Number of protein chains: 2
Amino acid sequence: MTSMTAPHTSPTLGLRERKKIKTREAIRTAMYTLVEEQGYDATTIEQIAERAEVSPSTVFRYFPTKEDIVLTDEYDPIIMEELRTRPADEPWPDSLRHVMHRAITVGMKDPHAVSRLRTRLMVEVPAVRSRMMESMSETGRMLCQAIGERTGRDPESLEVRVYAMSIVGGLMETSMYWAEQDHEPDFDALVDRALNVIEHGLPPENH
Amino acid sequence: MTSMTAPHTSPTLGLRERKKIKTREAIRTAMYTLVEEQGYDATTIEQIAERAEVSPSTVFRYFPTKEDIVLTDEYDPIIMEELRTRPADEPWPDSLRHVMHRAITVGMKDPHAVSRLRTRLMVEVPAVRSRMMESMSETGRMLCQAIGERTGRDPESLEVRVYAMSIVGGLMETSMYWAEQDHEPDFDALVDRALNVIEHGLPPENH
DNA sequence: ATAGATTTTGAGAGCTACTCTCATTTCATG
DNA sequence: CATGAAATGAGAGTAGCTCTCAAAATCTAT
């Protein structure tokens with residue numbers, strides 16, 4: 001944690017900002033370990049606050065809801081940024097594939113236990129799943145924006161919005177599937193199969 | 001369950017069942033009118049109970065959450081039933097289209113104000129939208145089942161699940177769009193356009 | 001370093017959705 | 001009508017979340 005203090009970031013961030021990052025991280029890890037110990041529902045904000053050595057008020061100051069504590073979502077900015085760097089003449093599905101794979105490798109960089117816990121909670125706890133879906137729909141709006149920039153279409157049109165949300169829906173289901181299978185195949189491989197379905201529909205039966 | 005044997009519903013239903021239906025309806029209409037008057041968040045369970053002339057306990061006995069009071073969802077059974085009645089050799093997209101239109105006409109049969117309120121809340125109140133998404137994902141599982149029966153595929157396979165959820169996601173966005181546009185074009189027409197996108201991808205630009 | 005402005009935090013009160021229990025009432029049935 | 005079963009009401013309790021206000025910590029300037 002503290003070793004993260006790279007030579008670049010330290011001089012610009014004042015003590016205040018550094019402390020904020022630290023408490024934020026403390027709250028998160030407190031929640032993670034408590035959830036591993038007792039489960040999600042049994043873990044109260046009070047316990048989290050106690051273990052993170054802050055007051056309950058502070059927990060709510062850092063995270064609007066309990067579910068938000070376990071859901072990172074730095075994905076959206078990554079996706080947008082990567083999308084913009086793709087060559088403009090690349091076919092859209094190819095760009096999407098590239099970007100998704102990038103987002104996955106970046107998003108999975110934190111300890112495996114955390115990624116696993118997060119997706120497990122997504123499957124098991126309805127509230128977490130709901131919150132996840134909410135953030136997915138925000139991702140959808142971003143995708144609309146990107147598709148608009150890329151293809152010159154109106155990002156607010158029904159067609160673009162439906163297209164984006166069907167992609168998001170499909171990928172959401174892919175993460176659920178991955179979690180249900182105990183993260184058995186590579187997420188990358190699953191995403192590839194999912195994008196194939198989204199792009200071309202159900203493949204013909206092969207038996 | 002036991003009433004399944006009745007040719008018509010009235011004689012078989014005892015006073016008890018009839019009362020249950022009545023209170024259920026009373027709670028719902030109480031909530032609808034209160035929400036129209038004061039908005040969703042400002043409406044408490046206590047007020048709903050009072051206006052419906054039941055106790056707060058009873059409200060929770062009939063509806064697990066506040067959001068469930070405004071969300072009907074008789075859609076799923078309709079969809080499944082209609083799907084089964086389609087000819088087995090009909091192309092899948094055609095079946096889907098038929099079934100969606102049927103579900104819409106059946107689902108919109110209650111007073112317009114109610115449908116409008118429901119979709120408006122879906123756009124405006126995050127909790128309602130979340131709950132709606134949850135129920136949509138249940139619809140997705142049903143679709144998987146139907147696709148499995150229809151095409152002989154494994155309903156649990158990633159491909160089928162992704163396919164189903166991308167459809168559901170697209171249609172969900174369609175309802176949001178419809179609500180945002182103040183229900184201006186026919187929902188039917190929008191669903192047609194959405195299904196086109198889901199089936200064939202984004203249409204080529206026409207300018 | 002000290003003083004003052006600003007930000008962050010803690011403490012606590014308060015609201016509401018939601019759960020659970022138990023006694024009472026209401027309906028069904030012989 | 002009497003007995004059994006189901007629905008209801010009342011009430012206590014939990015926990016997520018909001019809001020307010022005073023105290024503590026950090027930043028800035030002299």
Side-chain angles (χ1 to χ4, degrees), chain A residues 10-28 30-31 34-35 37-71 121 125-132 134, chain B residues 1-3 5-6 10-28 30-31 34-35 38-71 121 125-132 134:
Chain A
S10 31
T12 21
L13 288 184
L15 177 55
R16 225 164 225 170
E17 304 300 319
R18 268 177 288 152
K19 265 204 162 175
K20 266 162 69 168
I21 292 176
K22 264 175 77 177
T23 51
R24 198 180 174 79
E25 227 31 59
I27 293 172
R28 240 204 260 280
M31 170 125 200
L34 280 170
V35 168
E37 288 173 21
Q38 329 171 333
Y40 181 87
D41 288 327
T43 302
T44 73
I45 299 286
E46 216 168 330
Q47 294 173 333
I48 298 169
E50 191 181 342
R51 187 163 300 197
E53 297 183 284
V54 295
S55 76
S57 328
T58 302
V59 175
F60 285 117
R61 220 172 259 120
Y62 278 81
F63 299 95
T65 74
K66 188 179 168 187
E67 297 90 49
D68 281 291
I69 306 180
V70 293
L71 294 177
L121 290 178
V125 183
V128 174
R129 184 169 51 243
S130 280
R131 190 67 193 75
M132 188 72 178
E134 269 293 300
Chain B
M1 291 291 127
T2 67
S3 62
T5 58
S10 29
T12 18
L13 285 184
L15 177 54
R16 222 161 228 172
E17 303 302 318
R18 268 178 286 153
K19 264 202 165 177
K20 267 161 72 170
I21 293 176
K22 263 177 78 177
T23 52
R24 200 180 173 78
E25 226 32 58
I27 294 172
R28 239 205 260 280
M31 169 125 200
L34 280 170
V35 168
Q38 330 169 332
Y40 181 88
D41 288 327
T43 301
T44 73
I45 299 286
E46 216 168 331
Q47 294 173 333
I48 298 169
E50 191 181 342
R51 187 163 301 197
E53 297 185 284
V54 295
S55 76
S57 328
T58 300
V59 175
F60 285 116
R61 221 172 257 122
Y62 278 81
F63 299 95
T65 74
K66 188 179 167 186
E67 297 89 49
D68 281 291
I69 306 181
V70 292
L71 294 177
L121 291 177
V125 183
V128 174
R129 184 169 51 242
S130 280
R131 189 67 194 76
M132 189 70 178
E134 271 291 303

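Source: prediction; values computed, not measured.
The backbone N or O of A:Val54 sits nowhere less than 3.5 Å from a side-chain atom of A:Thr58 that would complete a donor-acceptor pair.
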Next item on the list: Evaluate the side-chain contact (heavy atoms from CB on, under 4.5 Å) criterion for residues A:Leu34 and A:Thr44: first the C-alpha distance (whole Å), next the side-chain angles of each, then the deciding distance (0.1 Å), finally the verdict.
Entry: CA-CA 9 Å; A:Leu34 280 170; A:Thr44 73; over 6 Å; no

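A distance of 9.5 Å separates CD1 of B:Ile21 from CZ of B:Arg24, quoted to the nearest 0.5 Å. To the nearest 0.5 angstrom, A:Glu17 atom CD is 13.0 Å from A:Lys19 atom NZ. To the nearest 0.5 angstrom, A:Met132 atom CE is 13.0 Å from B:Ser130 atom OG.
Heavy-atom nearest nucleotides on DNA chain D were determined for B:Arg16 and for A:Arg61, and the one closer to the 5' end corresponds to B:Arg16. Both B:Leu15 and B:Glu67 sit near DNA chain C, but only B:Glu67 has its closest nucleotide nearer the 5' end.
In this entry the distance linking NZ of A:Lys66 with C1' of C:dA17 reads 14 Å, nearest Å. As rounded to whole Å, 7 Å separates atom P of C:dT8 from atom CD of A:Glu17. Whole-Å rounding puts the B:Tyr62 OH to C:dC18 P distance at 18 Å. The CG atom of B:Leu34 sits 14 Å away from the P atom of C:dT16 (whole-angstrom rounding).
Near DNA chain D, meaning a heavy atom under 4.0 Å away, the residues from residues 44-55 of chain B are B:Val54, B:Ser55.
Contact annotation: B:Lys19 reaches the phosphate of C:dC27 (side-chain N/O to OP1 or OP2, under 4.0 Å).
Taking the side chain as every heavy atom from C-beta outward, B:Gln47 and B:Met31 never approach each other to under 4.5 Å.
Judged by the 6.0 Å and 45° rule, B:Lys66 forms a cation-pi pair with B:Tyr40. Under the 6.0 Å distance and 45° angle rule, B:Lys20 does not count as a cation-pi partner of B:Tyr62.
When the nucleotides C:dA28, C:dC18, C:dT8 are ranked by their closest atom to the side chain of A:Lys20, C:dT8 comes out on top.
At the heavy-atom level, B:Ser57 lies under 4.0 Å from base atoms of the strands shown.
Bounding nucleotides for the chain B contact on DNA chain D, 5' to 3', at a heavy-atom distance below 4.0 Å, are D:dA5 to D:dG11.
Salt-bridge annotation for A:Arg51 and A:Glu37: present, with a side-chain N of the basic residue lying under 4.0 Å from a carboxylate O of the acidic one.
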